[in-house]
Undergrad: 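The structure follows.
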Amino acid sequence: MRVLSGIQPTGRFHWGNYFGAIRQYIDLQDEDESYYFIANLHALTTVRDAERLHQLSLDAAIDLLALGLDPDKAILFIQSDVPQVSELCWILMTGAPMGLLERCHAYKAKKDKGLKADAGLFTYPVLMAADILAYDSDCVPVGEDQVQHIEVCRDLAGSFNHEFGRGEEVFTLPKAKLLDDSAKVPGTDGEKMSKSYNNTIELFEPVKPQRKKIMRIQTDSRPMEEPKDPETDHLFQLYRLFANEEERESMASLYRAGGFGYGEVKKALAYLSEKYFAEAREKRAELEAAPERVEEILQDGAAKARRKAGEVLDRVKKACGVSS
Ligand code: ADP
Ligand code: TRP
């Protein structure tokens, strides 16, 4: 089975990205083959600053490696290093119904708000389909918000197969694998953690400001004496991400008994989260000090990805008559 997923470098990764996506990608790297890429071409639809996009893309790759993505197991690369994907995107675009793309939520949400969208946002799902189909991917781990795009990909691939396949499958039809808890990590204000809400705790922000941020997580104003339900408290939801079973149970009992302050939970959260990511932080510092090593990993990944995408593109071009 071939697993593939991409992540956009539109900001530094936060706890939501890690627990909702990255950790699970890393768990899947032991499958037969896995491809992970930094979706810089998608990010270009929102990040319009060359220096920043370049840096965020590199940071994203270093973060994934520091968090345990193993280049001996998974193929890691930058999306734009595989030009075959953009060519494939055009071919898919020629058969992509306007109505299908008009229903896609990223474009629709912007249009419904009366904002002007560009063709990049409108055709975003087609580029995503090309990303997936270029490697004959079988399984695409994604959060709930991306499931619609996988459906679009299957639609486009199915129509192409029907139109040009002469009974054979030109494209492999992928399946979405819904990531666990992909919508669940709360931010510092209790809403879903997201860079668009400005409520994130970034994975690798310096420890001191991060601690301060944790101490400022919003909590309700119930008196200290009052017993509280841990299950409905976002601070506890964050704490449980890092706690082992024993720590989780004893914190839950504290909540139920009452008579404690949220400050204690925040301190415990800061302590456990620092410990949790300590090794990754160290690894990140090492990688940052060895940019040539990171470059080598990305180039090696891109070469492997180009090889596979080249094979698929040849097959597709022959099928639709744009190559001899
Ligand atoms: P953001 O909302 O900060 O812009 P993205 O949309 O780039 O994050 O998300 C990248 C990945 O991280 C997606 O797979 C998404 O499902 C996951 N993710 C983002 N925020 C959270 C969260 N708060 N809880 C769980 N998963 C999340
Ligand atoms: N659109 C995805 C997101 O915002 C990122 C992405 C781009 C992707 N291409 C992909 C994910 C292909 C899975 C497969 O999260």
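Count residues from 1 along the sequence. As the structure lists them, so they are numbered: ligands from 1, and atoms in each ligand from 1.
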Undergrad: Less than 3.5 Å between some nitrogen or oxygen of I7 and one of ligand 1, yes or no?
TA: no
Undergrad: Report the relative orientation of the aromatic rings in W15 and F242; use parallel for angles under 30°, tilted for 30 to 60°, perpendicular for over 60°.
TA: perpendicular
Undergrad: A cation-pi test, strictly: NZ or CZ of K228 under 6.0 Å from the centre of the six-membered ring of Y262 and no more than 45 degrees from its axis. Yes or no?
TA: yes
Undergrad: Does Y135 have its ring centroid less than 6.0 Å away from the ring centroid of F37?
TA: no
Undergrad: Under 4.0 Å from a heavy atom of G143: give me the atoms of ligand 1 that qualify, with their elements.
TA: 14 (O), 16 (O)
Undergrad: For ligand 1, is there an atom lying under 4.0 Å from some heavy atom of Q146?
TA: no
Undergrad: Aromatic ring centroids of Y18 and F13 under 6.0 Å?
TA: no
Undergrad: Is S194 close to ligand 1, meaning an N/O of one under 3.5 Å from an N/O of the other?
TA: yes
Undergrad: Quick check: does V185 get an N/O under 3.5 Å from an N/O on ligand 1?
TA: yes
Undergrad: For atom 23 (N) of ligand 1, which of the options E144, M193, K195 provides the nearest non-hydrogen atom?
TA: M193
Undergrad: For atom 10 (C) of ligand 1, which of V142, N17, T10 has the closest heavy atom?
TA: N17
Undergrad: Mark up the atoms of ligand 1 that fall under 4.0 Å of a heavy atom belonging to A21, in ascending order.
TA: 11 (C), 12 (O), 14 (O)
Undergrad: Which option, I22, D145, L241, N198, owns the non-hydrogen atom nearest atom 6 (O) of ligand 1?
TA: D145
Undergrad: For a salt bridge (Lys or Arg N to Asp or Glu O under 4.0 Å) check, start with the C-alpha distance between K304 and D300, then their side-chain angles and the critical distance, and finish with the verdict.
TA: CA-CA 6 Å; K304 289 181 181 144; D300 182 53; 3.2 Å; yes
Undergrad: Who passes side chain to side chain donor-acceptor pair (under 3.5 Å) against Y239, sequence neighbours left out?
TA: none
Undergrad: Looking only at N/O atoms, are S196 and ligand 1 under 3.5 Å apart anywhere?
TA: no
Undergrad: Taking NZ, NE, NH1 and NH2 as the nitrogens, is one of them in K213 or E205 under 4.0 Å from a carboxylate oxygen of the other?
TA: yes
Undergrad: Got a list of side-chain donor-acceptor pairs under 3.5 Å for residues 285-296, not counting sequence neighbours?
TA:
{"from": "E288", "atom 1": "OE1", "to": "R284", "atom 2": "NH1", "distance (Å)": "3.3"}
{"from": "E288", "atom 1": "OE2", "to": "R284", "atom 2": "NH1", "distance (Å)": "3.3"}
{"from": "E295", "atom 1": "OE2", "to": "Q299", "atom 2": "NE2", "distance (Å)": "3.1"}

Undergrad: Any ion pair linking E202 and R12 (charged N to carboxylate O, less than 4.0 Å)?
TA: no
Undergrad: Side-chain donor-acceptor pairs under 3.5 Å in residues 125-134, sequence neighbours left out?
TA:
{"from": "D131", "atom 1": "OD1", "to": "Q79", "atom 2": "NE2", "distance (Å)": "3.0"}
{"from": "D131", "atom 1": "OD2", "to": "Q79", "atom 2": "NE2", "distance (Å)": "3.0"}

Undergrad: Would you sort out whether H149 and Q146 count as a side chain to side chain donor-acceptor pair (under 3.5 Å), showing the intermediate values?
TA: CA-CA 5 Å; H149 295 153; Q146 299 297 319; 2.8 Å; yes
Undergrad: Can you tell me which portion of Q8 lies within the under-4.0 Å heavy-atom range of ligand 1? Options are side chain, backbone, both, or neither.
TA: neither
Undergrad: Every pair of nitrogen or oxygen atoms between ligand 2 and the protein that is under 3.5 angstrom apart - can you list them with their distances to 0.1 Å?
TA:
{"from": "ligand 2", "atom 1": "1 (N)", "to": "Y124", "atom 2": "OH", "distance (Å)": "2.7"}
{"from": "ligand 2", "atom 1": "1 (N)", "to": "Q146", "atom 2": "OE1", "distance (Å)": "3.1"}
{"from": "ligand 2", "atom 1": "4 (O)", "to": "Q8", "atom 2": "NE2", "distance (Å)": "2.9"}
{"from": "ligand 2", "atom 1": "4 (O)", "to": "Y124", "atom 2": "OH", "distance (Å)": "3.1"}
{"from": "ligand 2", "atom 1": "4 (O)", "to": "Q146", "atom 2": "NE2", "distance (Å)": "3.4"}
{"from": "ligand 2", "atom 1": "9 (N)", "to": "D131", "atom 2": "OD2", "distance (Å)": "2.8"}

